[in-house]
There are 2 protein chains.
Amino acid sequence: MKLITRDTDYAIRALCFMAENENGVTSVSELVQKLKIPGPFLRKILQALNKKGVLASFKGKSGGFKLRRKPKEIFITDLIEVFQGPLKLNRCIFKKKLCPSMDKCILKKRIGEIEQRVVSELGLITVASLLRRGKNGEIFK
Amino acid sequence: MKLITRDTDYAIRALCFMAENENGVTSVSELVQKLKIPGPFLRKILQALNKKGVLASFKGKSGGFKLRRKPKEIFITDLIEVFQGPLKLNRCIFKKKLCPSMDKCILKKRIGEIEQRVVSELGLITVASLLRRGKNGEIFK
DNA sequence: CTAATTGATACTATTTTAGTCTCATTTAAA
DNA sequence: TTTAAATGAGACTAAAATAGTATCAATTAG
Ligand code: FES
Ligand code: FES
């Protein structure tokens, strides 16, 4: 049961790095050096984030990517949705047979509730909240 | 993000059926007819449940399987564990780099908390709780 | 005896995840 | 103005997880 797949994982790492690299443009090759993530794969990931409006891209020599929003406005649920589709744990177990009826199904209801909790908990986590903190606990950037 | 894979799903259906078929032994071929699940696959699933002590098996003509415990003592978390391994959403995102330290990591801590909730919510669901209920809401069997 | 059953286990197919490769386009800087 | 370092786009491949099949042996009711 994976809550976070590898592409989401790499995206989080890259975004955290870029968040600390404020206002600078970061190239894939720099990220590859620092984070040791396979280059072509990371590139594909950043391109996807660009398309989805999380990153801005700059072509040509000394180009790269930078955050388009503030770290505290980038939620990891956004990233999960980009790479893993809509945040759903839910799905119908019994097709027709056995299950009394869609809206009465206890299992479906319970899994729906669990899903709601997971989503709302995850919804609190931003890139900013994953950065290093000061000694008084304040979040940088 | 699948909380329940197909084998767990089929196991739940089969166990619900068998729970209603109380004290009788149910063969794979009967289940296949009623539930329209691929036979060999279902057989493999029931054999696994037998090994794990959820079902008892009876060989030979008119053999089959029956529940070894009461429906209200069979938790769907048990089934998830049989087919999908230990109930863990958690996993380390940052290896060495970036993440301040194992025990301080906010992401890891939060995902751990979410996991705990999921597990405890799921832990309330039993086979009995998925069966049809009487008009006063009492759980049969 | 024999047909219907499970036990054990190897095998295959499909889908999802994780990646690579290549060619075109852009652009800063020598 | 040439060139090297970037991204854009998309096809391609590899590996792992999921979903199943197939086969042969052992058991047992009738
Ligand atoms: S499991 Fe799908 S409606 Fe109950
Ligand atoms: S992500 Fe693994 S310890 Fe922080």
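In what follows, chains are A, B, ... by sequence order, proteins preceding strands, each numbered from 1.
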Take the protein atom [atom1] of [X] and the nucleotide atom [atom2] of [N], then report the distance between them rounded to whole Å.
X     : N      : atom1 : atom2 : value
B:F65 : C:dG7  : CZ    : C1'   : 9 Å
A:I45 : C:dA18 : CD1   : P     : 9 Å
A:D7  : C:dT17 : CG    : P     : 8 Å

What I want to check is whether an N or O donor and acceptor connect the side chain of A:K44 with the base of C:dG19 at under 3.5 Å.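 Such a pair exists between side chain and base.
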Considering only heavy atoms and no angle criterion, is a donor-acceptor pair shorter than 3.5 Å present between the side chain of A:R43 and the base of D:dG8?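 Answer is yes: a donor-acceptor pair is held.
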Scan B:P38 against the nucleic acid and name what it touches under 4.0 Å (heavy atoms): base, sugar-phosphate only, or nothing.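 Sugar-phosphate, backbone atoms only, no base.
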Classify the nucleic acid contact of B:G63 as base, sugar-phosphate or nothing, counting any heavy atom under 4.0 Å across all strands shown.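 Since only primed, P, OP1 and OP2 atoms lie under 4.0 Å of B:G63, the category is sugar-phosphate.
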What is the distance from atom CZ of A:F83 to atom CD1 of A:I45, rounded to the nearest 0.5 Å?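 These two atoms lie 5.5 Å from each other.
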Could you tell me whether the phosphate oxygens of [N], OP1 or OP2, come under 4.0 Å of any side-chain nitrogen or oxygen in [X]?
X     : N      : value
B:S29 : C:dA4  : no
A:Q47 : D:dT7  : no
A:N50 : D:dG8  : yes
A:S62 : C:dA29 : no
B:Y10 : D:dG20 : yes
B:S57 : C:dG7  : yes

Starting at the 5' end of DNA chain D and moving along, which residue's nearest nucleotide shows up first, B:F83 or A:S27?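 Residue closer to the 5' terminus by nearest nucleotide: A:S27.
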Picking from B:V119, B:I12, B:T5, B:T8, what satisfies side-chain contact (heavy atoms from CB on, under 4.5 Å) with B:I80?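 Passing option: B:T8.
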Minimal non-hydrogen separation, B:L67 against B:M18, with atom names: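 Minimum heavy-atom contact is CD2-CB, 4.1 Å.
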Would B:T126 and B:E73 count as having a side-chain donor-acceptor pair, cut-off 3.5 Å?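 There is no such pair (donor and acceptor under 3.5 Å, judged by atom type) between the side chains of B:T126 and B:E73.
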